[in-house]
Amino acid sequence: MEQGPEIPGRDHYQVAVGRAAATALRTAHPSRTSWSRAQLLNVFAELRPTGYLGSTIDENTGGAGLSLGQFASLVEGLATAVPFLANHSVQRFIANSGSPEARAKVLPGLLDGTSIGAVAVTEQQGGSSIKNLRTKLVPSSAGLVLRGRKDWVTHALTADTAAVLAADAHGHPVRVLVDLASPGVARAPLHPHGLHHLSFGTLLFNEVVIEEWRVLDEDGAAGAKAGFGVARVLVAVQAVALALRALAETVEYLGTRSARGARVIDLDLVTHQVGVLAAELQGARLLAYHAVEAVQRGHASAAPLASGAKAHACTTAVRACTELVSLCAGHGLDISTDMAGYRDDVEMLATADGTGLVNSILWGAYVKNHPSECL
């Protein structure tokens, strides 16, 4: 297949690896309901050779040693059939800031795919905000204990370990590695609008004893913000990938339909609409990889740019998929096809790691204070 123009930061080979793996996974594990823990473990075992689980972690630590651009490209390819698989973040947190015990006891299982990690940030009152956290890590007669609640946790029902963002006794953000089999942990399912191959849920922590070695050795606020930067650029490339897949399938389908003696895809209005959506999505992908490069280099604009790229990519992808469902008429609404599913999936991605409104505000605040960077 002929490749398009080069996009700085995007690796064509890794995209192809991701697409091939995604196709194989969907063939081997077809489901319109969430995968069980056993299925997920099989999925992650099959992904291990691609470098997905080791991502950007140094090879000397057991990781894959990918650049962020290479990993984003791999995730982009996977998103065409199995978006938002997650289970790659907690091992990076441990590799960067984990204690020797965490590296010895928790990291190996995450890297080899025999355990599943989750990231627990969202709270009812503040979403993904790191301010005014109600989940608390406080001293007690039993040592450190965790109290609180986290919502919309990916893999909440199947994960072994969760990296939980909490406030310490002084109100400072900290991230802790919680064994989800510990006494005092409860899980409850949530029922998502899309991404039906995954489970989402609420985690409840009632006096959960936390060993000191499970607290990440970092500035919790800085660690969380750095994590958001990576997560948001990865969501951006996945949202665009899904929408471009929907666009390609729409073009193919409308080529089989006719109206007024012509193929529907050849009608000027349809051709115009396809061209507009393709241009908008390609532009969103360029911005997403521009943000990937900024995050990888540690540029001062990295965090807000990642927010802006994520907001723009998701808004563009949701609008595109909604229009494509309409273009396909009844076919787009048939749940036996994937068209409405693409729209539902990108709507879910739009709320992950901060809503479009939150992320646009973060980017806008940076631009307001650094207008010359837009020249």
Side-chain angles (χ1 to χ4, degrees), residues 1-31 35 39-57 59 63-89 91-92 110-113 116-117 154-155 194-195 197-198 230-249 281-282 284-286 288-293 295-296 309-310 313-314 317 338 341-342 345-346 348-349 352-353:
M1 180 184 296
E2 184 179 354
Q3 296 178 348
E6 292 291 332
I7 296 174
R10 185 171 183 259
D11 188 310
H12 284 291
Y13 172 75
Q14 292 294 340
V15 173
V17 169
R19 287 175 179 168
T23 300
L25 287 172
R26 271 301 192 189
T27 301
H29 308 282
S31 178
W35 285 329
Q39 285 176 303
L40 278 171
L41 289 174
N42 286 333
V43 165
F44 292 127
E46 291 169 42
L47 283 177
R48 184 183 176 187
T50 69
Y52 180 84
L53 297 173
S55 66
T56 59
I57 298 171
E59 290 178 291
L66 299 176
S67 69
L68 183 57
Q70 289 175 317
F71 185 58
S73 301
L74 175 65
V75 169
E76 175 193 332
L78 285 167
T80 56
V82 282
F84 208 58
L85 279 177
N87 193 33
H88 52 73
S89 298
Q91 45 267 58
R92 288 199 303 276
L110 294 170
L111 289 175
D112 67 20
I116 299 172
T154 309
H155 301 313
L195 300 174
H197 55 295
L198 303 176
V230 173
R232 285 166 178 164
V233 295
L234 294 179
V235 168
V237 299
Q238 291 181 87
V240 173
L242 276 171
L244 286 169
R245 177 70 180 267
L247 178 62
E249 292 188 10
L281 290 168
Q282 293 282 5
R285 184 161 66 182
L286 281 168
Y289 277 99
H290 179 55
V292 167
E293 290 279 272
V295 172
Q296 183 164 291
K310 190 262 181 181
C314 290
D338 289 323
Y342 291 137
D345 286 351
V346 296
M348 285 289 294
L349 289 177
D353 300 297

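We number each residue from 1, following the sequence as shown. Here the structure is a predicted model, which is why all the values come from computation and not from measurement.
A heavy-atom distance below 4.5 Å is not found between the side chains of R232 and V295. Annotation: side chain of L195 is in contact with side chain of P83 (closest heavy-atom distance under 4.5 Å). H290 is not listed as a side-chain neighbour of L286, based on a closest heavy-atom distance of 4.5 Å or more. Looking at heavy atoms from C-beta onward, L74 lies out of side-chain contact with V15 at the 4.5 angstrom threshold. By the 4.5 Å heavy-atom criterion applied to side chains, I7 and R285 are counted as neighbours. Here the side chains of S73 and Y289 are in contact, with some heavy-atom distance below 4.5 Å. With a 4.5 Å cut-off on side-chain heavy atoms, H197 and R26 count as touching.
Minimum heavy-atom separation, C314 to L349: SG-O, 3.8 Å. The nearest pair of heavy atoms linking L47 to A21 is CD2-CB, 4.1 Å. Taking both residues in full, the closest heavy atoms of R10 and H12 are given as NH1-CE1, 3.5 Å, listed atom of the first, atom of the second, then distance. For the residue pair L110 and Q91, the shortest heavy atom distance occurs at O-NE2, 3.4 Å. Closest non-hydrogen pair, G54 versus L111, comes out as CA-CD2, 3.9 Å.
Of the possible polar contacts, none joining the Q14 side chain to the D11 backbone as a donor-acceptor pair under 3.5 Å is found. At least one donor-acceptor pair closer than 3.5 Å links the side chain of K310 to the backbone N or O of A352. A distance-only check finds a donor-acceptor pair linking the side chain of N87 to the backbone of G117 [under 3.5 Å].
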- Task: Please report the C-alpha distance between V75 and L85 in whole Å, then the side-chain angles of each, then the deciding distance to 0.1 Å, and finally whether the side-chain contact (heavy atoms from CB on, under 4.5 Å) criterion is met.
- Result: CA-CA 9 Å; V75 169; L85 279 177; over 6 Å; no
Exercise. side-chain hydrogen bond (donor to acceptor under 3.5 Å, both in side chains) between E46 and H29: does it pass, once the steps are laid out?
Worked result: CA-CA 11 Å; E46 291 169 42; H29 308 282; 3.0 Å; yes
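Rounding to the nearest 0.5 angstrom, the gap separating the OG atom in S67 from the CD atom in E293 is 8.0 Å. Expressed to the nearest 0.5 Å, how far CD1 of I116 lies from CG of L40 amounts to 4.5 Å.
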Let me have the donor-acceptor pairs involving side chains of residues 235-245, under 3.5 Å, with sequence neighbours excluded, atom names and distances please.
from	atom 1	to	atom 2	distance (Å)
Q238	OE1	F84	N	2.7
Q238	NE2	L234	O	3.1
R245	NE	E249	OE2	2.8
R245	NH1	T80	O	3.1
R245	NH2	E249	OE2	3.4

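With sequence neighbours left out, the ring-ring contact (aromatic ring centres under 6.0 Å, His included) criterion links F71 to Y52, H88.
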